[in-house]
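Start at 1 and go down the list; that is how both ligands and their atoms are numbered. The analysis underlying the following values was restricted to heavy atoms, covering all of them including side chains, and did not include hydrogens, waters or symmetry mates. This is a predicted model, so every value here is computed, not measured.
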Amino acid sequence: MVSRVIPVDPFDLVVFGATGDLARRKILPGLYRRSLAGQMPPTSRIIGAARSGMTPQEFRAFAAAALAEFVSPDKRAPKAEQEFLDRLDYVPVDARGNDGWAELAGKMRGGVVRAFYFSVAPALFGDIAERLKQHGIADDSSRVVVEKPFGTDLPSAQALNATLARHFSETQIYRIDHYLGKETVQNLMAVRFANILFEPLWNAQYVDHVQITVAETVGVGGRGSYYDKSGAMRDMVQNHMMQLLCLIAMEPPYHFDPNAVRDEKLKVIRALDSVQREDIVRGQYLGGAGQAGYLTDAEDPDSRTESFVALKCHISNWRWKGTPFYLRTGKRLRARVSEIAVTFKEPPHSIFDDAPGWRENVLVIRLQPDEGMNMKVMIKEPGPGGMRLVQVPLDMSFAEVLGEDGTDMPDAYERLIMDVIRGNQTLFMRGDEVEAAWAWTDPIIAGWEGQRPHPYDPGTSGPEEALMLMHRDGRRWRDIR
Ligand code: BG6
């Protein structure tokens, strides 16, 4: 099946922080792929804005190098690359001063969508927003895109929201969580709400528990100074994992509409119970196999920051009361895998009392790698010799079923940037959602102040204590592989 590409309206997209790492790795390559796919009208332009005194020509060379490094060889096409580079312009600006703003204002055109991507430190959001308004570069129909980290706790997130709100309305603000742009994450909503099959069983009466795992093999080398102040809880749980939890647990929105969806997500976050101390395990990776341990990667050689978190939480509402949700994320683990596993309860009565092999039904939604869904069901083991049960997968790999090899699917960033141009906020976090997520996270972080995380060996599934978190409930984590 070939994906349909619907062109967006012509736009001017200004990327602040255009010479930074995110622009190089994700934003520029992603925009190139959308241009290659034919989604970008010929008159659309991307204007880089950053501190460094580059010329537009030098910025194009910078972008060309980024494409060479981060676009897969099968997507490299000299003509398309040149067309893309021709769309690029550059203005050196001083976010906190006056330089460059008049020149940027002079480059903006009327009659096209204006979007501003703040790929800069949150401390600069206010300065940039103020100058955009002051110089008449942004107006009431412009859109601004902001990156995580959106605050480090509730007060800082509230302050950022207040800063942005001084210049823009909520309908103009696009807070990116790139997990919401992943194909399978959106598929979660399609699977739940476009089929009758799952929803009647999607509650505490039938679901024994849910496991959400985001495991990575990489460490934090190179990002030590950011990560050490953040840790897995702020870096992954407060945002990405919380979003996955919301999409799994939320009530059906009345419509696939930005506020309807975000209202339902917010209700889930607000219904989360506070987490008990004994229901959280923090870990920190050791060195090994030629790779540095966390304490070498971190800025502080005595750091107590966690590179791993596992926790159990409960949602206090009619649908979920009694069903635990287990969340686990960490760096330097055995494999890179992100998945959600919904384990259903056993049938109320088994007619196969003496049949060996019984296991529960499990629905596994795989985000990466090998995006797809897999339902584990019980069947009779083939052959004579009595009734023996065996668990088999009903496997649906999206690549196989949809005939996609994955290379045609837009990645999370490019999909989300196109949504900004379309003016669709469904896959972006609303200010109140982010604040509610911090309100839940802050006491957890405060509760472990000063405590040392459990060390774990690289290439494992994290500290032993995390296994115990489920064992003591008579359950076990799925293997990370
Ligand atoms: C980022 C985190 O938001 O997400 C990183 O800051 C993490 O620490 C990354 O590695 C994971 O994203 P993905 O798409 O590779 O799973």
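- Annotation: atom 12 (O) of ligand 1 to nearest protein heavy atom, His178 NE2, 3.1 Å.
- The existence of a salt bridge linking Glu433 and Arg175 is excluded, since no basic side-chain nitrogen approaches an acidic carboxylate oxygen closer than 4.0 Å.
- Looking at Arg223, Glu147, Lys182 and measuring to atom 5 (C) of ligand 1, the nearest heavy atom belongs to Arg223.
- Close contacts of ligand 1 with Lys148, meaning ligand atoms under 4.0 Å from a residue heavy atom, involve 1 (C), 2 (C), 3 (O), 6 (O).
- Side-chain atoms of Tyr90 and Thr19 include no donor-acceptor pair closer than 3.5 Å.
- If you run side chain to side chain donor-acceptor pair (under 3.5 Å) between Asp177 and each of Lys148, His240, Gln243, Lys182, only His240 comes through.
- Counting protein heavy atoms only, atom 15 (O) of ligand 1 is closest to Arg336 NH2, 3.0 Å.
- For Tyr226, no nitrogen or oxygen atom sits less than 3.5 Å from a nitrogen or oxygen atom of ligand 1, counting backbone and side chain alike.
- The aromatic rings of Phe125 and Phe118 sit tilted relative to each other, their planes meeting at an angle between 30° and 60°.
- Considering backbone and side-chain atoms together, Ser338 places no N or O closer than 3.5 Å to any N or O of ligand 1.
- From the protein, the heavy atom lying nearest to atom 16 (O) of ligand 1 is Tyr179 OH, 2.5 Å.
- In this structure, the ring of Phe325 has its center no less than 6.0 angstrom from the ring center of His209.
- Against a heavy-atom cut-off of under 4.0 Å, Lys331 is close to the following atoms of ligand 1: 5 (C), 7 (C), 8 (O), 10 (O).
- When only non-hydrogen protein atoms are considered, atom 10 (O) of ligand 1 lies nearest to Glu216 OE2, 2.5 Å.
- Within ligand 1, the atoms closer than 4.0 Å to a non-hydrogen atom of His240 are 1 (C), 3 (O), 4 (O), numbered from 1 in the order shown.
- Every residue meeting the salt bridge (charged side-chain N to carboxylate O under 4.0 Å, His left out) condition with Arg25, not counting sequence neighbours, appears here in chain and number order: Asp21.
- Remark: among candidates Asp235, Asn239, Thr329, the nearest residue to atom 2 (C) of ligand 1 is Asp235, based on non-hydrogen atoms.
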Task: Phe308 vs Tyr456, ring pair (Phe, Tyr, Trp, His ring centres under 6.0 Å): CA-CA, chis, key distance, verdict - done: CA-CA 9 Å; Phe308 175 99; Tyr456 61 94; 5.6 Å; yes

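- Neither the backbone nor the side chain of Tyr227 comes within contact range of ligand 1; no heavy atom lies under 4.0 Å.
- Note on ring orientation: taking the six-membered ring where Trp is involved, the planes of Trp202 and Phe198 are perpendicular (angle over 60°, cut-offs 30° and 60°).
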